[in-house]
Amino acid sequence: MISVSTLLCDHAADGNRLRYDVDTGTDDPVSDSPQRRPVVVWNTTNRCNLECVHCYAGAESEPKAGELTTAEGKRLLDDLADYGAPVVLFSGGEPMVREDLAELVAYAADAGIRPVLSTNGTLLTADRARELKRAGLAYAGVSVDGLAERNDEFRGVDGAFQAAVEGIETCLDVGLKTGLRYTVTRQNVGDLDGVVDLLSDVGLDRFCFYHLSYSGRGETLDSVDLDTAERREVVTRICDRTLEAHRRDDEIETLLVGNYADAAYIVEYARREFGDDAARRVYERLQRNGGDPTGERVAAVDCLGNVHPTQFWRTYSLGNVRDRSFSDIWEDDNNPLLRALRNRPGNLTGTCADCRYKNICRGGSRLRALAADNGLFGPDPQCYLEAEERHGSVPPTNAD
Amino acid sequence: MAEPTERRRLDDGDRAPNGEEFEVFVRSDGSDPMQHVGSVRAADVDGAYEIASRLFAWHADDVWLCPSAEMTRFSTHTLADEASPADRPTDSEEPRAREWS
């Protein structure tokens with residue numbers, strides 16, 4: 001997750017403490033102490049009330065047999081707290097269909113883990129939003145993937161767009177921090193500005209833009225994925241919008257998620273807009289961010305207790321929390337894949353091997369590299385850097 | 001000698017509801033023991049082998065796969081609800097608790 005608004009506009013945000021290792025109590029938006037434990041995405045259920053065509057979890061209308069129970073979930077949260085996981089992201093399926101969600105959120109908060117939520121927003125009634133806020137929920141990210149017609153087509157349910165917008169408004173009304181999650185594809189890229197404008201008008205100030213992940217039902221959607229030119233255009237547009245908003249004192253927070261070529265591209269963008277000193281400063285901040293977090297700063301536990309290197313990597317599990325504690329699974333240095341993922345820059349091949357940005361990108365998504373038959377450490381097919389951007393000295397100098 | 005270890009038998013009936021999860025064991029060469037390195041999800045063992053080899057071929061000479069639902073697990077770990085106390089072996093002196101000289 002890369003904060004465009006922090007990197008380009010020095011925007012201070014809650015998430016920066018993790019994202020850029022910000023020390024609390026200082027004015028410096030970036031510190032040198034690394035994130036030591038992963039943010040854990042817990043896909044609490046496979047059940048969902050919608051039928052999104054790009055769902056990375058492949059969610060269905062019924063729960064999977066064997067989903068972690070309330071008691072098991074609490075034991076998992078105890079383990080995560082003991083281990084020092086800073087954040088647990090309740091996800092799904094649709095986590096709001098779990099009747100024990102507020103109970104689990106409260107349990108996480110009491111254990112000292114920051115609970116946040118990823119939801120389609122359609123079940124966020126005022127009562128439930130208040131209940132979750134009282135339970136200690138710190139943030140709700142709501143997925144909207146286009147204006148009404150496009151979004152409802154994606155989601156497979158008429159009225160999903162209106163319900164999600166109402167869910168966002170409800171969160172804002174009850175004082176629950178909320179933001180947009182928008183997965184950008186060729187099909188909905190044309191709606192992006194309209195969605196941001198509409199949600200800005202209702203008071204939203206946090207916008208997260210996701211690149212398509214090739215997993216779950218998204219695995220078969222590479223034909224709707226953006227090509228290189230389209231991706232460069234939309235990331236430029238997001239950066240431009242962020243700068244324009246901050247220049248008129250509209251301090252929105254914008255983030256890019258799921259493709260760490262964004263890190264390199266934002267350095268190049270900063271160099272074009274502000275010059276080499278600014279680019280160098282952005283580069284240094286991104287070095288502290290650490291690049292693609294798979295197997296390191298992000299972990300996932302699915303509804304059956306399987307631990308994955310990221311929530312999108314559904315076909316491989318490191319172990320199951322019913323067999324071993326999460327911390328034992330995550331700290332198992334005997335696992336050769338985990339070891340290799342954590343030593344990625346030295347293992348990258350192809351165009352990544354001599355890319356000057358490999359330390360802030362770490363090769364991007366291994367899952368997409370595998371899906372494209374590029375090999376475990378081959379290039380991410382979503383990398384959109386041009387050859388001249390990949391080569392040269394690091395950090396960028398005036399001579400570049 | 002240490003007390004015998006108390007284990008529970010984990011009910012694995014729901015571990016892979018559609019039978020699509022395979023436990024993966026690898027070793028880097030013939031002189032090493034097999035090592036459990038997690039599980040992969042695939043429709044059948046051929047699909048599981050394809051995924052496992054993409055992830056571990058650079059490391060492993062040998063790859064073994066076992067349907068997760070066919071594994072019976074006895075564990076001291078206590079997270080699972082669906083578990084029953086496991087009877088101790090008739091000879092309660094478990095080798096793992098011995099102080100080998």
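First the proteins, then the strands, lettered A, B, ... as listed; each starts at 1.
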Taking side-chain contact (heavy atoms from CB on, under 4.5 Å) as the test, write out the residues that go with A/Pro293, two or more places apart. A/Tyr260, A/Arg297, A/Val298
Taking all atoms of both residues into account, what is the closest heavy-atom pair of A/Asn306 and B/Arg41, and its distance? ND2-NH2, 3.4 Å
Interatomic distance, OG1@A/Thr69 vs CG@B/Leu79, rounded to 0.5 Å, equals 8.0 Å
Side chain / backbone / both / neither for A/Asp302 at chain B, heavy atoms under 4.5 Å: side chain
Side chains of A/Arg324 and B/Thr76: closer than 4.5 Å at any heavy-atom pair? no
Nearest 0.5 Å, what's the CZ-CG distance between B/Phe56 and A/Asn335? 5.0 Å
What one should report as the nearest heavy-atom pair of A/Tyr316 and B/Ser39 is CD1-O, 3.3 Å
Is it the case that over 12 heavy atoms from other parts of the model lie below 6.0 angstrom from the CZ atom of B/Phe25? yes
Student check: side-chain heavy atoms of A/Arg75 and B/His77 closer than 4.5 Å: no
Part of B/Glu21 lying under 4.5 Å from any heavy atom of chain A: side chain
Under 4.5 Å from a heavy atom of chain B, the part of A/Leu338 involved: neither
How many angstroms lie between OG in B/Ser68 and CG in A/Asn320, if you round to the nearest 0.5 Å? 8.5 Å
Per-residue contact mode, B/Leu55 against chain A (heavy atom under 4.5 angstrom): both
From the list A/Ala71, A/Ser325, A/Pro336, the residue making the most non-hydrogen contacts under 4.5 Å with chain B is A/Pro336
Is any residue of residues 98-108 of chain A within less than 4.5 Å of chain B by heavy atoms, and which ones? none
In the structure I gave you, are the side-chain heavy atoms of B/Arg54 and A/Leu376 within less than 4.5 Å of one another anywhere? no
How close do A/Glu72 and B/Ala80 get, heavy atom to heavy atom, and via which atoms? OE2-CA, 3.2 Å
Checking A/Asp328 against chain B: side chain, backbone, both or neither under 4.5 Å from a heavy atom? neither
Take a 6.0 Å sphere around CZ of B/Arg8 and say whether it holds more than 12 heavy atoms from other residues, nucleotides or ligands. yes
Residue A/Leu318 versus chain B: region with a heavy atom under 4.5 Å: backbone
For the pair B/Ser75 and A/Asp323, evaluate side chain to side chain donor-acceptor pair (under 3.5 Å) and give the outcome as yes or no after the intermediate values. CA-CA 7 Å; B/Ser75 177; A/Asp323 298 337; over 6 Å; no
Which atoms of B/Thr78 approach chain A - backbone, side chain, both or neither, heavy atom under 4.5 Å: backbone
Heavy atoms from other residues, nucleotides or ligands near CH2 of B/Trp58 exceed 12 (cutoff 6.0 Å): yes
